[in-house]
Amino acid sequence: MLRSVGRERLTGSGEDPRVAELRTAVSRLRRELAVHPAEFPDRGIAEDELAALDAMAAGGRPESPRLRRSLLLVAGAIGSVSALSPGLRDVRSAVDLFGEPPRQS
């Protein structure tokens, strides 16, 4: 598992390991959310943004600002559901692999 920000090394399949880790974390959290029995008001938002994160990752090189925006929306939507916090933490760690967005001058 690659945890260094800024590395461009590819896995044997040609996929950026950061993208692979993001896809894995998002998939896991989507599954956990799908089987979570409690309904909560922002569940639909979380599901939509997790789908958006998955689509960005499937595209190959997601943009850090867009990843962070989706992460913020997911965190706001499911942040109070403690059973989902480990999965949310994994998604955040995967998003962090893409580093900070470039600063505008």
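Along the sequence shown, residues are numbered consecutively beginning with 1.
V91 and I45 are members of different hydrophobic clusters when ILVMFWY side chains are connected at heavy-atom separations under 4.5 Å.
Heavy-atom minimum distance, R66 versus S70: NH1-OG, 2.7 Å. Residues L22 and A94 approach most closely at CA-CB, 3.6 Å, considering heavy atoms.
Take T24 and apply the side chain to side chain donor-acceptor pair (under 3.5 Å) test, not counting sequence neighbours, and it matches no residue. For the side chain to side chain donor-acceptor pair (under 3.5 Å) test, residues two or more places apart in sequence or in another chain that qualify with E47 are R43. Looking at residues two or more places apart in sequence or on another chain, you find no side chain to side chain donor-acceptor pair (under 3.5 Å) involving R69. When the side chain to side chain donor-acceptor pair (under 3.5 Å) test is applied to D42, no partner is found at least two apart in sequence or on another chain.
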Show which side-chain atoms of residues 73-89 pair as donor or acceptor with protein atoms under 3.5 Å away, not counting sequence neighbours.
from: S85; atom 1: OG; to: S82; atom 2: O; distance (Å): 2.8

Sequence neighbours left out, cut at 3.5 Å: what donor-acceptor pairs do the side chains of residues 52-59 make with other protein atoms?
from: D54; atom 1: OD2; to: R30; atom 2: NH1; distance (Å): 3.4

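Of the inter-residue distances, the one linking R92 atom CZ with L67 atom CG reads 13.5 Å to the nearest 0.5 angstrom. Between atom CZ of residue F98 and atom CG of residue L71 there is a gap of 12.0 Å, rounded to the nearest 0.5 Å. Here CG of L33 is found 14.5 Å from CZ of R28. Values are rounded to the nearest 0.5 Å. Atom CG of D96 sits about 8.5 Å away from atom OG of S64, to the nearest 0.5 Å.
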